[in-house]
There are 2 protein chains.
Amino acid sequence: METRELRYFVAVAQERHFGRAAQRLGIAQPPLSRAIAQLERRLGVTLLERTSRAVTLTEAGAVLLREGRAALDAVEAAERRTRRAATGGPSLVLVTKAGASSELLAKLLDAYAAEPGAVAIDVQLCGVGEQEGLLRDGRADVALLHLPYDSAVGFDTEVLHTEGQVAVLPAGHPLTTRPHLTMAEVAAIPDLPMPRWPRRDGSYPDGPGPEVRDNAQLLQLIGLGRTTAVLPESVRASLQRDLATVPVPDAPTVTTLIAWPPHSRSRALAGLVLAATRL
Amino acid sequence: METRELRYFVAVAQERHFGRAAQRLGIAQPPLSRAIAQLERRLGVTLLERTSRAVTLTEAGAVLLREGRAALDAVEAAERRTRRAATGGPSLVLVTKAGASSELLAKLLDAYAAEPGAVAIDVQLCGVGEQEGLLRDGRADVALLHLPYDSAVGFDTEVLHTEGQVAVLPAGHPLTTRPHLTMAEVAAIPDLPMPRWPRRDGSYPDGPGPEVRDNAQLLQLIGLGRTTAVLPESVRASLQRDLATVPVPDAPTVTTLIAWPPHSRSRALAGLVLAATRL
DNA sequence: AGGATTGATACCCGGCGGGTATCGCCGCGT
DNA sequence: ACGCGGCGATACCCGCCGGGTATCAATCCT
């Protein structure tokens, strides 16, 4: 099976429409129809049920969509990492959520830079939930993840840090005088609806709260009195003076992990992981 | 990057010889040379250093070999699982080491079969260390692994069982009267050298012991008085009468895991994992 | 009933993958 | 030192296949 065939199939399977898929792929519709038919013939498997009105996936088609996306990510990762290995640029790209673990990250980078043989590390900040994709398709080599917010499924990891969570409120809010709060109390604060985070596909659920992509945006919106949130206590290190925090003992404990694709143990990565575990 | 290009490059990188690689691929040498050159041109990266006497990998070439093999496995897995999803055959292939965890496996299969909506499960037995490859390239969907013998890197897992280990000796051997043994004592038994296991590439280290591929072979050789071994205590359930066991308290504890590729949560697999955790 | 939408089919063309023949380079043997 | 042999690169040709346009066929919506 060639990656071209896989790309074509994934496009059709996602769009559920040959014409739109062809447009997205930058080719005409007839060659696409033919390519899919040929793929089905070669596999000996019907992947799509087409009527002239709708295209639906068969069970086997659903399997190929799921597995094929992972395979295409792997191919893309191979290509990107090869290109990066050659163009002597940063030999390691670390990705983490904007506005999270900044203190830990600074310590990690300092500790690694002090090691003999340390290479340049590119730090890339992204929105919540984007790390996995970046790591999977080779745009990044290593990530800081936060359980239970992120999922570490399919990666190698080491635990770096665990911590409780605190509610972040605008300074002067009446509840800032309380010694602690419960999750239920925070969720019920009048006029401060909880923010809405993007789903895996990038869309946002409905609700009263503001849409946010990362912690930096979130903290700014809290300062503006538009929302509130329960975050790991380490955010206190990077708070402006207009924000206050109150412990939330019944919030789930947050575990910070360093994560990397399981098979890619380069020398540089091994050094960084070692430095991280010694923090 | 097309999978054909990747396959060609991997062949050359492994053989370090264009002629042999071409032969292995079933094509002539000139098209192979051209394909590699074209790949390098498209990537903008030199992958191989060739003199007319030797072919060596550049750093980028080493990266592409490592990442490319993983990517090819992923593509192959997508193809195999798609084909299997269509040809209504066994909808789940479970792989485990021959001669290991047989009791646990029987219980698991019984428990799962009793669930509503259970599908046919194919059990495949393999040699030590072969499970990972089978799982990675789609020949199997789920495996029983044994830490610390196997590596669970890159898979999702659930712990099923932990146990100590015992030395397995021919019945009547003088040491079978001892209440327990140490690792050092077992390794030093005169005339019973420890067996040699295959390395990742399939070759065997040098040494006096017999070559073995799985526990079934191993147990037979022990019965013949050719070797001895330290194995999880659950092997006692499947021993012939010509074998005896002695606990080895200082051997590492063995953990039995059920493992599966992280992204492939089919309905059938989820049911099997659930049944396994409830054992 | 008829037009619109959408996937399949028919047919053509150009490029690319694969083949054979041969060259150029280098190490080695006598 | 010269020549031979091994190996990768180059040159050139052919046939297939991927991509394009034109059109058909089936279905749904007025």
Side-chain angles (χ1 to χ4, degrees), chain A residues 1-62 64-65 68 71-72 75 79 86, chain B residues 1-62 64-65 68 71-72 75 79 86:
Chain A
M1 205 165 33
E2 292 303 311
T3 58
R4 184 182 50 81
E5 301 178 287
L6 254 187
R7 272 191 295 269
Y8 286 9
F9 171 74
V10 168
V12 175
Q14 288 180 331
E15 298 282 347
R16 283 174 166 70
H17 189 288
F18 279 76
R20 278 197 303 274
Q23 198 172 355
R24 197 174 103 185
L25 292 167
I27 65 173
Q29 170 259 319
L32 179 58
S33 283
R34 203 180 47 186
I36 300 293
Q38 183 172 324
L39 175 62
E40 289 181 309
R41 216 160 17 85
R42 277 211 263 261
L43 286 174
V45 168
T46 304
L47 299 169
L48 300 168
E49 223 55 80
R50 39 292 221 188
T51 71
S52 69
R53 219 51 197 178
V55 174
T56 58
L57 289 174
T58 64
E59 202 175 327
L64 186 57
L65 176 57
L72 286 176
V75 171
E79 188 166 343
Chain B
M1 208 168 29
E2 291 304 311
T3 58
R4 184 184 50 84
E5 300 178 287
L6 254 186
R7 271 191 296 269
Y8 286 8
F9 171 75
V10 168
V12 174
Q14 286 180 332
E15 298 282 347
R16 281 172 168 71
H17 190 290
F18 279 75
R20 279 198 302 275
Q23 199 172 357
R24 198 176 102 185
L25 292 166
I27 65 172
Q29 170 260 318
L32 180 57
S33 284
R34 201 181 46 185
I36 301 292
Q38 183 173 326
L39 175 61
E40 289 180 310
R41 216 159 17 82
R42 277 210 264 259
L43 286 175
V45 168
T46 305
L47 299 169
L48 300 168
E49 223 56 80
R50 45 277 230 195
T51 71
S52 70
R53 222 51 197 176
V55 174
T56 59
L57 289 174
T58 64
E59 201 175 329
L64 186 58
L65 176 56
L72 287 176
V75 172
E79 188 167 341

- Query: Is any side-chain nitrogen or oxygen of B/Ser33 closer than 4.0 Å to OP1 or OP2 of D/dA9?
  - Reply: yes
- Side chains of B/Leu39 and B/Met1 in contact at under 4.5 Å (non-hydrogen atoms): yes
- Query: Within the structure, does a side-chain N or O atom of B/Gln38 lie under 4.0 Å from either OP1 or OP2 of C/dC16?
  - Reply: no
- Task: Select one nucleotide: of D/dG20, C/dA8, D/dG8, the one nearest the side-chain heavy atoms of A/Phe18.
- Result: C/dA8
- Do any side-chain nitrogens or oxygens of B/Arg50 fall under 4.0 Å of OP1 or OP2 in D/dA9? yes
- Task: Respond yes when some side-chain nitrogen or oxygen of B/His17 is under 4.0 Å from OP1 or OP2 of D/dG6, and no when none is.
- Result: no
- Nearest-nucleotide check on DNA chain D, A/Thr51 vs A/Pro31; residue mapping nearer the 5' end is A/Pro31
- Quick one: closest heavy-atom pair of B/Ala13 and B/Leu57, and the distance? CB-CD2, 3.7 Å
- Of A/Gln29 and A/Ala35, whose nearest nucleotide on DNA chain D comes first from the 5' end? A/Ala35
- Does the A/Glu40 side chain pair with the main chain of A/Leu48, one donor and one acceptor, at a distance under 3.5 Å? yes
- Query: OP1, OP2 of C/dT6 versus side-chain N and O of A/Arg16: anything below 4.0 Å?
  - Reply: no
- Task: Please report the shortest heavy-atom distance between A/Phe9 and A/Gly61, naming the atom on each side.
- Result: CZ-O, 3.5 Å
- Task: Answer with yes or no whether B/Arg4 presents, from its side chain, a donor or acceptor under 3.5 Å of a partner atom in the base of C/dG17.
- Result: no
